[in-house]
Amino acid sequence: MALASVETPSGKGAGDENFPVGSWLLPAELRPQVAVYYAFARAIDDIADNPELAPQDKIDRLSRFDAALGSAESDGPGLEKATALRLCLAENGISTARGSDLVAAFKQDAVKLRYRNWEELLGYCRLSANPVGQFLLDLHGEDPSGYAASDALCTALQVLNHLQDCQDDYHALDRVYLPLDWLETEGLDVTVLDAEASPPGLRRVLDLCLDRVDGLLTEARLLPGQLRSSRLAMESAVIVKLATRLTRHLREGDPLARRVALGKTDFALAGLGGIFGVQIQRLFGKPQTTGRTK
């Protein structure tokens with residue numbers, strides 16, 4: 001493998017994501033660091049999701065990213081995004097675990113195609129999703145006490161993404177994130193994802209996942225009020241509202257029959273509701289004051 005060919009770009013960017021990435025709501029001086037983190041995450045995600053790479057090839061490429069994230073001695077052509085993130089994390093006093101956990105998750109994606117139960121899926125989300133929110137809190141100098149609500153939000157977003165893409169993930173990568181024990185309870189196996197529409201049993205499994213997402217979002221709604229940064233609080237409030245709306249769309253729609261996604265109206269209403277909700281709370285309520293200002 002040539003050094004310059006470590007990455008396998010898919011062509012996806014921040015505009016292809018379900019939820020805002022480094023939006024204008026965040027402080028302008030911190031957006032470049034968010035862009036560095038996203039570029040690293042996008043690069044390793046593309047490797048893990050490349051259907052043309054063998055599992056061991058994926059792991060080898062991801063290991064090289066991880067090595068460059070941990071030490072300058074492993075820098076080299078094709079690993080610039082790992083180098084940039086290592087420098088960014090060091091400059092801001094943030095643990096390299098925010099990047100290496102993502103690598104561990106995508107290595108898992110290379111070899112693990114099924115999840116036995118909800119708890120096992122949550123374990124994957126702890127690596128694949130939660131570090132993103134933790135990075136943002138660390139970057140803004142927030143108190144670690146906010147991790148719990150942030151983790152709940154990030155896990156909810158990850159599960160919603162899995163539900164949206166459940167058929168595509170199965171067909172393209174033979175990867176299924178639906179808990180197998182819930183499918184088995186309904187007398188189903190993963191081949192149900194070949195259907196053109198969800199049968200009643202699969203609909204119950206999807207709704208059970210969404211019930212768990214609702215529980216996660218209940219905890220996630222505490223996050224904006226725990227943050228010192230008003231801009232990060234508004235960003236998180238908007239994302240919580242977008243996740244709530246997507247949950248509703250997935251209950252009303254069928255991801256096997258057609259793509260279930262957020263629309264312009266969802267973004268507009270969630271944006272207004274999240275921004276003004278935080279402003280009102282901070283005008284008339286008493287926001288948390290833990291953490292350091294940054």
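Just so we're clear, the structure is a prediction, and the values are computed from it rather than from any experiment.
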In terms of side-chain geometry, is the basic nitrogen of [X] or [Y] positioned less than 4.0 Å from the acidic oxygen of its partner?
| X | Y | value |
| --- | --- | --- |
| R203 | D207 | yes |
| R42 | D46 | yes |
| K112 | E120 | yes |
| D165 | R259 | yes |

Is there a side-chain contact between [X] and [Y] in this structure, where contact means two heavy atoms from C-beta onward sitting under 4.5 Å apart?
| X | Y | answer |
| --- | --- | --- |
| T244 | R221 | yes |
| L183 | L202 | yes |
| N50 | D57 | no |
| T8 | R61 | yes |
| V238 | K241 | no |
| C166 | V176 | no |
| E142 | S229 | yes |
| S230 | R282 | yes |

Hey, could you give me the [atom1]/[atom2] distance between [X] and [Y], rounded to the nearest 0.5 Å?
| X | Y | atom1 | atom2 | answer |
| --- | --- | --- | --- | --- |
| L232 | L30 | CG | CG | 9.0 Å |
| Q33 | L139 | CD | CG | 5.5 Å |
| L216 | L210 | CG | CG | 11.0 Å |
| L26 | L136 | CG | CG | 6.5 Å |
| C209 | L160 | SG | CG | 10.0 Å |
| L223 | S150 | CG | OG | 5.5 Å |

Would a hydrophobic clustering, with Ile, Leu, Val, Met, Phe, Trp and Tyr connected at side-chain separations under 4.5 Å, put [X] with [Y]?
| X | Y | answer |
| --- | --- | --- |
| L121 | V205 | yes |
| Y147 | V240 | yes |
| L122 | V213 | yes |
| L206 | L180 | yes |
| W24 | L269 | no |

May I ask you to check whether [X] and [Y] show a side-chain donor-acceptor distance below 3.5 Å?
| X | Y | answer |
| --- | --- | --- |
| D66 | S100 | no |
| D138 | Q134 | no |
| T155 | N130 | yes |
| Q158 | S128 | yes |
| K107 | S63 | yes |

* To do: Could you note down all residue pairs passing salt bridge (Lys or Arg N to Asp or Glu O under 4.0 Å) where residues 166-182 supplies at least one of them, sequence neighbours left out?
  => D49-R175, D109-R175, R114-D174
* Asked: So which pairs with a foot in residues 144-162 pass salt bridge (Lys or Arg N to Asp or Glu O under 4.0 Å), sequence neighbours left out?
  ->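 Listed by first then second residue: nothing to list.
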* Parallel, tilted or perpendicular: rings of Y177 and Y115 (30°, 60°) -> parallel
Given 3.5 Å as the limit, does a donor-acceptor pair link the side chain of [X] with the main chain of [Y], or not?
| X | Y | value |
| --- | --- | --- |
| T218 | D214 | yes |
| K58 | A110 | no |
| E7 | A43 | no |
| N117 | P179 | no |

* Residues forming a salt bridge (charged side-chain N to carboxylate O under 4.0 Å, His left out) with R204, sequence neighbours excluded -> E186
* Carefully, step by step, assess D75 and R86 under the rule salt bridge (Lys or Arg N to Asp or Glu O under 4.0 Å). => CA-CA 10 Å; D75 287 345; R86 185 186 70 245; 2.7 Å; yes
* Carefully, step by step, assess V260 and L163 under the rule side chain to side chain contact (heavy atoms under 4.5 Å, CB included). => CA-CA 9 Å; V260 178; L163 297 181; over 6 Å; no
* Option among I275, L25, V278, L227 that satisfies the side chain to side chain contact (heavy atoms under 4.5 Å, CB included) test with E235 ->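 The side chain to side chain contact (heavy atoms under 4.5 Å, CB included) with E235 is passed solely by L25 among I275, L25, V278, L227.
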* Asked: Around atom CD of E73, are there more than 12 heavy atoms of other residues, nucleotides or ligands at under 6.0 Å?
  ->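 No, not enclosed.
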* To do: Assess whether atom CD of E196 is packed by more than 12 heavy atoms of other residues, nucleotides or ligands within 6.0 Å.
  => no
[X] versus [Y], closest heavy-atom pair with distance:
| X | Y | result |
| --- | --- | --- |
| F40 | K81 | CD1-O, 3.9 Å |
| A68 | A82 | CB-CB, 3.8 Å |
| L102 | Y37 | CD1-OH, 3.3 Å |
| P77 | V6 | O-CG2, 4.4 Å |
| F135 | R98 | N-CD, 3.7 Å |
| A243 | L217 | CB-CD2, 3.8 Å |

* To do: In sequence, state the C-alpha distance, the side-chain angles, and the governing distance for V190 and Y170, and then conclude on side chain to side chain contact (heavy atoms under 4.5 Å, CB included).
  => CA-CA 8 Å; V190 297; Y170 176 56; 3.9 Å; yes
* To do: With side chain to side chain contact (heavy atoms under 4.5 Å, CB included) as the test, would you mind laying out the steps for L79 and R64 before giving the verdict?
  => CA-CA 8 Å; L79 299 169; R64 296 177 67 177; 4.1 Å; yes
* To do: Please step through side chain to side chain contact (heavy atoms under 4.5 Å, CB included) for the pair L85 and Y38, ending with a clear verdict.
  => CA-CA 9 Å; L85 181 58; Y38 176 77; over 6 Å; no
